[in-house]
Asks: 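I have a structure here, written as structure tokens, and I will follow up with some questions on it.
Below, chains carry the letters A, B, ... as their sequence lines are ordered, and counting in each starts from 1. When reading the values below, keep in mind they use all heavy atoms of this one structure, side chains included, and skip hydrogens, waters and symmetry mates. Just so it is clear, the structure is predicted and the values come from calculations on it, not from any experiment.
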Amino acid sequence: MEGGLGQSYSEANKSRVLDVKPLRCWAPVFPKSPQSPLLPNSASLGSSQLAFNAFYPSTVLPGSDELNHPAAAANGGSQNGFFPFGNPGGPPSAAAPAPIRSYKSSEPTPAVVTQDHGASNGDVGGSLQIDRSDNASGSVKRKRTVLSFDGKSESRKNLVCLDTSQREEGSAEIVEYVRMMFDAVRRRLSQLEEAKEALISLKKRPDLKAGSILMSKGIRTNMIKRTGTVPGVEIGDIFFFRMEMCLVGLHGPCMAGIDYLTCKGNSEDEPLALSIVSSGVYDDEAEDKDVLIYTGQGGVRKKQVVDQKLEKGNLALERSLQRANEIRVIRGMKDLMNPSAKVYVYDGLYKVQESWTEKGRTGGNIFKYKLVRIAHQPSAFSIWKSVEKWKHGFGSRVGLILPDLASGAENLPVSLVNDVDNDRGPSYFTYFPSVKYSKPYTSTTLRLGCNCHTCTPGDLNCCCIRKNDGDFPYLASGVLVSRRPMLYECSPLCPCFPNCKNRVSQTGLKFHLEVFKTTDRGWGLRSWDPIRAGAFICEYAGEVVDKLNLKRKSERDDYIFDTGQHNQNSLKWNYEPALLDEEKSGECTEDYEIPVPLTISAKKIGNVARFMNHSCNPNIFWQPVMYEHNSEPFLHIAFFAIKNIPPMTELTFDYGITPMVSHQAHVSDTADGKKKCLCKSANCRGYFR
DNA sequence: GCGGACTCAATTAT
DNA sequence: CATAATTGAGTCCG
């Protein structure tokens, strides 16, 4: 889509920021815009900063039509960076300005060149417009770099490519797609590496490798550097790898802590800070929820005592103090679930309030910058601080009804909280952490156990691994790598220890969960802890019921989970084998294979899963898991995280077409038995059964 | 079991 | 186009 509206918009915006030659001031053209993705919030700037905002070099204006772009875009306040004006499917602007190379990362080489799409801008509420490379069309442009894939283009049908404008400017859907893809590839690379570990110890970095692959294939977005908000990235979003922030354009450098933009073409260098990561390498003061004392870069890890220099990131922060532009702040901290790793929280926009130098611990002079959080932003880091307090018992949890709803039945307490109304709890039920069968699941009795004492990834002698297509389904960190038709876990029949890594769904809760009262959807479930994509949440506990009997009884049961009627078909979660040059198309299916349908009722007995609400844009999926009790195989329904989930975010899954609704009267029944959906997601289907 | 030293990384600005 | 600068995430060792 070169020359499309999105691009010319971006180019124009870019130029506004970058070219600050005073004599070409178009001040009246440029309105105030808190949402404008590229510029500091002019409303909150002093007069000196206004001058900076207003410059709009006429040289990049392709035509009089383009004059409207900044104003329209800014006034529209489009959250996702879409164009709220113009002809959505309109012809590409032939006069789009030439890209300014120094402000855009170099163009990646798509593995498969994308096909032209009719309308790639403009449909604000629409689905992510991604190209499926069928390479059937004659209009497909091929570059020479494609050749390594030419022989196997058949197996690459599912690879989704982003077009130029999608790589330059993101949206919620594009960002989500990139993040899902990144983690799916990373998990697969980790899985391959862990399987090899038995033979050779390769210290590879799956996170870097996954990032590198996606970069080279153009699966990234928000490549145009900008100050302020990044379309599709929300305050509070969490990341487990630096690469991930790099791919979605939140923070460009994969290592350095300060991202900045240099105003090239200007005689004097005027770098501007865009985002910073505070992660503990330097002696930052990051305890206050709204103030961050950030240390400049340089001088650390040097053999001799070195003074930091006022250049690059340090200079950029200094200039940003003068310009008073918004700076994205990402706070990194130790991941308590995985102490050797880190987790990064996007904490929104800050401004540099003052700067000074002082003597660092190692003796050299260092720069310090005091950043203050801009008011009235959604809370992010402060939620983490609150959770920390609740966990340590200081500070009372507002609205706490019960410290442990499960009364000790789980290995972690489950809080019951209501801070919205006077409801003192859900209706009575018995807490039970697993599924109760009254008769065998299947008529056949199979010995399914393996013979290992320690099931080791890559060991194909382990028949539990063989049943999972030869892959150890979980990583050492406990996350699931891929959805599969059926997941086979080790069981009491296996001689391996109960802490075997292939028993993830049997080992209880991993996160401190909370059942809480929502404002309009009854009771819901959320977690105090951050959750990684692929992490196990809980299983669907309850009584296995006979579906036919259930229908006859006509007694209302809103707590039914039914494998036969669920539908997660729209979810594509697994890695794309073609990205890793794997010929594995058939085995990578995400269609479930349920040998015998299973219906579970959590009305009388159940666990936390019975409180999970429906969403058309869920963060949890369910996966059938098979293992044995008393020498007989039983089917369980296990829930895993689709994406990284920040603390205190409601956990939801897609009820699909199941006749199950949440237990509360938060849905209004329509004539045909459908329930009105209140999930509020952009792609909400409106109703579910 | 933890912290420090050391090592290997990918990307981007220069 | 090569190179320097950046520091996350491992490993190793005391």
Side-chain angles (χ1 to χ4, degrees), chain A residues 18 100-109 167 182 185-186 189-190 193-194 196-197 200-220 222-225 239-266 268-284 294-304 306-317 319 330-345 361-362 364 366-367 475-477 532:
Chain A
L18 304 171
I100 303 169
R101 214 187 67 83
S102 37
Y103 303 120
K104 186 164 60 178
S105 315
S106 56
E107 199 54 23
T109 312
R167 286 197 293 262
F182 166 78
V185 170
R186 185 197 63 81
L189 289 170
S190 304
E193 195 208 315
E194 288 180 11
K196 247 187 303 189
E197 214 165 43
I200 338 148
S201 175
L202 291 167
K203 40 179 180 181
K204 282 279 163 57
R205 289 278 303 273
D207 56 323
L208 296 184
K209 196 149 200 183
S212 184
I213 289 172
L214 294 224
M215 288 240 172
S216 69
K217 302 289 193 273
I219 303 176
R220 58 185 300 188
N222 290 315
M223 286 171 75
I224 292 177
K225 295 202 164 206
F239 303 84
F240 290 89
F241 298 94
R242 292 286 304 258
M243 265 295 185
E244 215 181 341
M245 298 191 280
C246 190
L247 286 167
V248 299
L250 180 63
H251 184 78
C254 63
M255 290 184 178
I258 307 170
D259 194 11
Y260 61 96
L261 189 62
T262 310
C263 300
K264 262 245 184 86
N266 223 358
E268 57 205 296
D269 255 6
E270 292 289 295
L272 203 59
L274 306 177
S275 58
I276 57 165
V277 179
S278 164
S279 59
V281 173
Y282 298 92
D283 293 326
D284 298 342
Y294 191 75
T295 309
Q297 63 191 180
V300 93
R301 284 198 198 191
K302 291 275 178 355
K303 293 271 161 61
Q304 328 94 321
V306 180
D307 289 342
Q308 292 187 342
K309 296 187 196 110
L310 192 59
E311 57 180 26
K312 298 182 180 170
N314 299 343
L315 181 61
L317 280 168
R319 292 289 174 264
I330 297 122
R331 293 174 180 258
M333 49 208 134
K334 203 175 254 187
D335 179 10
L336 297 175
M337 302 286 124
N338 189 1
S340 63
K342 271 186 195 146
V343 54
Y344 302 92
V345 185
R361 237 182 340 144
T362 52
I366 56 172
F367 294 99
L475 299 183
S477 58
R532 297 169 86 109

Asks: Starting from the 5' end of DNA chain C, give me the residue, A:P206 or A:V300, whose nearest nucleotide shows up first.
Replies: A:V300
Asks: In this structure, how many angstroms lie between the P atom of C:dG10 and the CG atom of A:D335, rounded?
Replies: 11 Å
Asks: Establish, with yes or no, whether the OP1 or OP2 oxygen of B:dT11 is under 4.0 angstrom from a side-chain nitrogen or oxygen of A:S212.
Replies: yes
Asks: Main chain of A:L208, side chain of A:S212: is a donor-acceptor contact present, judged purely on distance under 3.5 Å?
Replies: no
Asks: Please answer whether the main-chain N or O of A:F367 pairs with a side-chain N or O of A:Y294 as donor and acceptor at a distance below 3.5 Å.
Replies: no
Asks: Does the side chain of A:Y282 get closer than 4.0 angstrom to OP1 or OP2 of C:dT6 through an N or O atom?
Replies: no
Asks: Taking A:H251's backbone N and O only, do any of them form a donor-acceptor pair with A:D259's side chain (distance below 3.5 Å, no angle check)?
Replies: no
Asks: Would you mind telling me which of C:dT7, C:dA9, B:dA10 lies closest to the side-chain atoms of A:V281?
Replies: C:dT7
Asks: Counting side-chain heavy atoms from CB outward, which of C:dA5, C:dA9, B:dA9 is closest to A:L208?
Replies: B:dA9
Asks: For the pair made of CZ in A:F182 and P in B:dT11, what is the distance, rounded to whole Å?
Replies: 11 Å
Asks: Of the nucleotides B:dG3, C:dT7, B:dA10, which one has an atom closest to the side chain of A:K334?
Replies: B:dG3
Asks: What nucleotide, of C:dA9, B:dT11, B:dG3, holds the atom closest to the side chain of A:R205?
Replies: C:dA9
Asks: Nearest to the A:K225 side chain among C:dT6, B:dA13, C:dG8, which nucleotide is it?
Replies: B:dA13
Asks: By nearest heavy atom, map A:K312 and A:C246 onto DNA chain B; which one lands nearer the 5' end?
Replies: A:C246
Asks: What's the shortest heavy-atom distance between A:K225 and A:Y260, and which atoms?
Replies: NZ-O, 3.5 Å
Asks: How do A:A341 and A:E311 order along DNA chain C: which one's closest nucleotide is nearer the 5' end?
Replies: A:E311
Asks: Given C:dA9, B:dT14, C:dG10, identify the nucleotide with an atom nearest to the side chain of A:S340.
Replies: C:dG10
Asks: Let me know the distance between CZ of A:R532 and P of C:dA9, rounded to the nearest Å.
Replies: 9 Å
Asks: Under 4.0 Å from OP1 or OP2 of C:dG8: is there any side-chain N or O of A:S279 that close?
Replies: yes
Asks: For residues A:D284 and A:S278, is any side-chain donor paired with an opposing acceptor at under 3.5 Å?
Replies: yes
Asks: In whole angstroms, how far is the P atom of C:dG10 from the CD atom of A:E194?
Replies: 10 Å
Asks: Roughly, in whole Å, what's the span from CD in A:Q308 to P in C:dA5?
Replies: 14 Å
Asks: Round to the nearest Å and state the distance from A:N338 atom CG to C:dA9 atom P.
Replies: 10 Å
Asks: Contact class for A:K209 vs. all strands (heavy atom < 4.0 Å): base, sugar-phosphate, or nothing?
Replies: nothing
Asks: May I have the distance from A:D283 (atom CG) to B:dG4 (atom P), rounded to whole angstrom?
Replies: 11 Å
Asks: How close or far is atom C1' of C:dT6 from atom CG of A:L315, stated in whole angstroms?
Replies: 17 Å
Asks: Determine the minimum heavy-atom distance between A:E193 and A:P206, stating which atoms define it.
Replies: OE1-CG, 3.2 Å
